[in-house]
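All heavy atoms count here, side chains included; hydrogens, waters and symmetry mates do not. In what follows, chains carry the letters A, B, and so on, assigned in the order in which the sequence lines appear, proteins first and then strands, with residues in each chain numbered from 1. Source: prediction; values computed, not measured.
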Protein chains: 2
Amino acid sequence: MSIVSLARDLDLSISTVSRALNGYKDVSPETRERIRKRASEIGYRPNPGARRLKSGKTCAVGMILPAVSEGNHGVDSVYSGLMGGVATELEAADYHLIATVQTRTDPDRETALYENLVHASWVDALIIGRTRVNDPRVALARKARIPFVTYGRTNSSEPYAWVDTDNEQAFYLLTKRQIESGHTRVALLNGPLHYYFAILRQQGYVRAMMESGLSIDPLITLNGELSESHGYSLCRNLLVGANPPTSIICATDALAFGAMAACRERGLKIGLDISISGYGNSSASAYCDPPLTTVDHQVFENGRHIGQSLLRLLRGQAQPEEIHYLEPVVLVPRQSDGQCPPPPPSNSNLSR
Amino acid sequence: MSIVSLARDLDLSISTVSRALNGYKDVSPETRERIRKRASEIGYRPNPGARRLKSGKTCAVGMILPAVSEGNHGVDSVYSGLMGGVATELEAADYHLIATVQTRTDPDRETALYENLVHASWVDALIIGRTRVNDPRVALARKARIPFVTYGRTNSSEPYAWVDTDNEQAFYLLTKRQIESGHTRVALLNGPLHYYFAILRQQGYVRAMMESGLSIDPLITLNGELSESHGYSLCRNLLVGANPPTSIICATDALAFGAMAACRERGLKIGLDISISGYGNSSASAYCDPPLTTVDHQVFENGRHIGQSLLRLLRGQAQPEEIHYLEPVVLVPRQSDGQCPPPPPSNSNLSR
DNA sequence: CGCATTGACAAAAACCTTTTTGTCAAAGTA
DNA sequence: TACTTTGACAAAAAGGTTTTTGTCAATGCG
């Protein structure tokens with residue numbers, strides 16, 4: 001079932017068979033057809049290992065998938081969505097996706113995983129996700145001269161290929177919406193600031209607040225891991241504090257679900273007594289009670305862009321500095337937010 | 001940076017270098033150490049492509065990930081959790097996971113994806129998930145003589161390696177719980193019956209009902225895709241019908257979320273007027289309102305078992321027929337279900 | 001006619017390992 | 001001494017492609 005047995009069967013040389021099947025010149029149409037026919041009859045498939053060895057290409061792209069920070073240790077749903085888009089594009093070009101799941105949330109370990117993937121030449125290209133402010137993986141991939149596309153941006157002195165959603169605009173819109181509903185104390189439950197996206201989301205929030213002449217209160221702009229439990233505990237802290245916010249903007253839907261639970265526990269009616277919004281448009285956001293106002297950031301589309309960019313890079317059709325794609329976001333208004341409630345009677349701050 | 005340049009550098013033969021680095025005999029301790037040292041100095045890493053070609057092993061395992069049936073086209077969270085467990089085990093053994101996302105829910109296409117993975121010899125072994133009642137992929141993998149482990153069972157005349165959760169017991173427990181709370185009209189919102197797990201869940205439901213002398217009403221045992229929207233529409237149908245159920249057992253948390261939304265829409269208080277339970281213990285299930293009674297089926301653990309089983313199979317340490325692992329389930333009682341409400345006044349069925 | 005070009009194929013090199021077989025001296029045994 | 005064993009290394013084959021170079025006859029041109 002190797003090319004040599006096929007060549008022997010056809011009474012032709014190996015090179016002719018190879019050239020025929022790979023669509024090169026130097027082989028007559030009749031012979032080509034004869035080879036094609038016999039090859040499919042006999043069920044011949046070129047050994048990808050040998051092909052990889054010869055060409056030096058693996059026809060695979062590597063991706064490290066961040067795990068959710070708690071629960072079933074599954075892959076973060078943003079990245080599983082992204083993977084869907086990437087895989088769709090790659091598959092069409094006969095590339096494979098080698099997925100490594102990062103079970104522990106340890107940046108050093110993530111870098112080591114990338115290093116392993118690159119250095120052991122398992123892959124031709126890399127997808128670098130959940131970029132940090134100064135992401136060492138970008139320098140690493142550049143040094144290894146391996147094509148890569150990041151999902152999210154980073155601080156880099158040199159150009160690199162990136163695809164990202166418009167985090168800044170998303171949080172500008174979300175904050176603006178709250179302000180327009182009369183809220184003045186708008187809290188931000190953000191992710192850890194070493195992630196670049198968290199910086200951008202904060203910037204969007206700050207821009208909207210500044211634009212309306214509202215001050216930024218560091219006591220109500222908190223940061224934590226992107227999980228329900230952190231949303232719950234951070235929100236509890238917010239509500240217990242003096243002068244609690246009337247609106248809470250959460251960096252992810254998961255944070256928002258946790259925050260909603262904390263609000264319910266305090267007896268607050270979500271959408272009336274307090275406004276909450278999320279980010280991600282997760283399927284649960286449409287079916288929770290009340291349905292969550294959120295932002296659709298089009299992960300599948302982003303994944304497709306990443307896949308396409310990667311292929312262009314691999315084919316030499318584009319240089320990294322040409323690949324900068326900022327996916328617009330779509331605000332999804334639902335019922336978890338509303339008009340700012342009237343100020344409580346003055347003795348309300350006695351409540352524990 | 002190949003073995004030949006390393007050998008030249010050391011003034012040794014290629015074979016000696018190879019044997020030294022691979023821990024074979026036939027090389028003196030001093031020489032071995034010298035080679036080791038120089039190899040790490042020079043940063044030599046054996047080319048995995050050449051190694052694969054020679055050994056005929058790819059050191060990779062293939063897995064097809066079912067996409068969620070709607071929304072962001074992401075990977076089903078059960079399978080992303082499973083992937084986490086599998087990857088954890090494989091990684092420790094220096095195996096890689098090649099993940100293919102099945103974006104369209106088309107069984108034929110899924111089979112084709114497996115065929116491609118196997119036939120193009122991209123992988124040494126396969127994980128076959130979301131097994132169907134008569135799953136063609138099992139026969140296919142056996143014919144290709146490629147080791148595989150299924151997640152879920154199927155009808156097969158010959159033994160095969162499987163790992164599964166105890167679906168039957170889970171739905172027996174869930175149903176029993178409803179019956180013990182006084183419910184007699186217990187609905188089942190199940191997945192499509194061509195999935196083996198749906199059959200098993202139905203069996204558990206039926207066993208509990210029979211055991212308590214309750215009859216099975218086909219009008220309230222419905223089947224649909226595993227999504228919020230199907231949960232919503234199926235539940236609407238249930239509530240509109242004559243003699244609606246007082247309890248709804250859903251095959252997944254997603255179905256349950258949809259069902260909850262439909263119940264709220266009808267003005268029913270979940271946990272009081274109607275009881276709902278899910279399956280999966282998704283993170284949202286703990287934070288929705290009311291928190292959802294569900295079952296934890298330990299996907300990460302299942303993934304680890306699959307990974308371990310695969311490695312044993314690949315190393316010849318076990319035969320497929322020895323690998324049958326049924327993961328026990330854990331019921332997670334929360335507040336979405338409760339005592340059966342008293343029967344409504346007789347004119348209630350006039351309500352639209 | 002003589003020479004260059006082209007078409008169609010074959011031979012061999014290269015890709016980088018691992019594994020099998022081979023060499024040769026030193027040591028052990030009868 | 002003659003023969004076998006063993007230790008330490010080298011040479012070469014094998015794995016299945018792709019690509020470069022080579023061959024040889026037929027064709028085209030002046």
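We find that CG of A:Leu21 is positioned 13 Å from P of D:dT19, with the value rounded to whole Å. D:dA8 atom P lies 15 Å from atom CD of B:Glu33, rounded to whole Å. The distance between atom CG of B:Leu10 and atom P of D:dA10, rounded to the nearest whole Å, is 10 Å. In this structure, NZ of A:Lys25 is placed 9 Å from P of C:dG7, rounded to the nearest angstrom. For the pair B:Ile14 CD1 and C:dC16 P, the computed distance is 11 Å after rounding to whole Å. Distance B:Tyr24 OH to C:dT21 C1': 15 Å, rounded to the nearest Å. We find that CZ of A:Arg8 is positioned 20 Å from P of C:dC9, with the value rounded to whole Å. For the pair B:Arg19 CZ and C:dC16 P, the interatomic distance rounds to 22 Å; values are reported in whole Å.
Between B:Arg36 and B:Ala20 the shortest heavy-atom distance is NH2-O, 4.3 Å. Considering all non-hydrogen atoms of both residues, B:Leu126 and B:Leu310 come closest at O-CD1, 3.9 Å. Across all non-hydrogen atoms, the minimal contact from A:Val123 to A:Ile146 is O-CD1, 3.7 Å.
Donor-acceptor pairing under 3.5 Å is recorded for the side chains of A:Ser156 and A:Arg142.
In terms of phosphate contacts, A:Ser18 brings a side-chain nitrogen or oxygen within less than 4.0 Å of OP1 or OP2 of D:dT18. When the side-chain nitrogen and oxygen atoms of A:Thr16 are compared with OP1 and OP2 of C:dA8, none of them lie within a distance under 4.0 Å. Taking only side-chain nitrogens and oxygens, A:Ser28 comes nearer than 4.0 Å to OP1 or OP2 of C:dC9. Within the structure, every side-chain polar atom (N or O) of B:Asn47 is placed at least 4.0 Å from both OP1 and OP2 of C:dC15.
B:Arg52 comes within 4.0 angstrom of no nucleic acid atom, judged by non-hydrogen atoms across all strands. Looking at heavy-atom distances under 4.0 Å, B:Ser55 makes no contact with the nucleic acid at all. Nucleic acid contact for A:Arg32: none, since no nucleic acid atom lies under 4.0 Å from a heavy atom of the residue. The residue B:Ser15 sits close to a base: some heavy atom pair falls under 4.0 Å. Using a 4.0 Å heavy-atom criterion, one finds that A:Leu12 contacts the sugar-phosphate atoms exclusively. Contact annotation for A:Ser2: backbone-only contact, meaning every heavy-atom pair under 4.0 Å involves sugar-phosphate atoms and none involves a base.
Residues B:Arg51 and B:Asp26 both approach DNA chain D. Their nearest nucleotides, taken by heavy-atom distance, put B:Asp26 toward the 5′ side. Comparing B:Lys54 and B:Ser13 against DNA chain D, the residue whose closest nucleotide sits nearer the 5' end is B:Ser13.
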Show your working on side-chain contact (heavy atoms from CB on, under 4.5 Å) between B:Ile42 and B:Asp9 and close with a plain yes or no.
CA-CA 10 Å; B:Ile42 219 169; B:Asp9 182 281; 4.3 Å; yes
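The pair A:Lys57-A:Asp124 does not meet the salt-bridge criterion, since no charged nitrogen lies less than 4.0 angstrom from a carboxylate oxygen.
With distances taken from any side-chain atom of B:Tyr44 to the nucleotides D:dA8, C:dT17, D:dG16, the minimum falls on C:dT17.
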